[in-house]
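Right, one structure below, let's go through it.
Keep in mind the model is a prediction, meaning the values are calculated, not measured.
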Amino acid sequence: ERGITLCIEDDGPGIMNKEEVFNLYSHDNDELLHHGKEGIGLGLYFVRLLCQKLGIEYGIEKSPLLGGTRFLLQFKH
């Protein structure tokens with residue numbers, strides 16, 4: 001199957017709980033992130049909703065190249 005994959009990688013501290021990172025974030029759940037930056041926790045949740053609606057596969061994993069996080073979006077024909 002043909003398609004396009006968008007890959008974004010960083011060299012930051014990474015995300016500990018990759019399974020829950022696309023859920024709504026709660027400040028009571030600070031163990032999801034290493035860096036402790038504040039936010040309202042809607043960004044990746046909205047990405048998940050949009051991808052599900054448009055049939056785009058998405059995922060997050062450890063970056064083997066940079067050591068941080070690799071975020072993937074796969075657009076299929």
With clusters built from Ile, Leu, Val, Met, Phe, Trp and Tyr whose side-chain heavy atoms come within less than 4.5 Å, directly or transitively, what are the remaining members of the cluster of Leu72, listed by chain and number?
none
Spacing of CG belonging to Leu6 relative to CZ belonging to Phe75, to within rounding of 0.5 Å:
6.0 Å
To the nearest 0.5 Å, how far apart are CD1 in Ile8 and OG1 in Thr69?
11.5 Å
Which distance, rounded to the nearest 0.5 Å, do you find between the CD1 of Ile56 and the OG1 of Thr5?
11.5 Å
Between Val47 and Phe22, which heavy-atom pair has the shortest distance, and what is it?
CG1-CE2, 4.5 Å
Within-4.5 Å side-chain heavy-atom neighbours: Phe71 and Leu73:
yes
For Leu54, does the CG atom have more than 12 heavy-atom neighbours from other residues, nucleotides or ligands under 6.0 Å away?
yes
Only pairs under 3.5 Å count here: list side-chain donor-acceptor contacts from residues 57-68, not counting sequence neighbours, and write none if there are none.
{"residue": "Glu57", "atom": "OE2", "partner": "Lys76", "partner atom": "NZ", "Å": "3.0"}
{"residue": "Tyr58", "atom": "OH", "partner": "Gln52", "partner atom": "NE2", "Å": "3.4"}
{"residue": "Glu61", "atom": "OE2", "partner": "Arg70", "partner atom": "NH1", "Å": "3.0"}
{"residue": "Lys62", "atom": "NZ", "partner": "Gly67", "partner atom": "O", "Å": "3.2"}
{"residue": "Ser63", "atom": "OG", "partner": "Glu9", "partner atom": "OE1", "Å": "2.3"}
{"residue": "Ser63", "atom": "OG", "partner": "Leu66", "partner atom": "N", "Å": "3.0"}

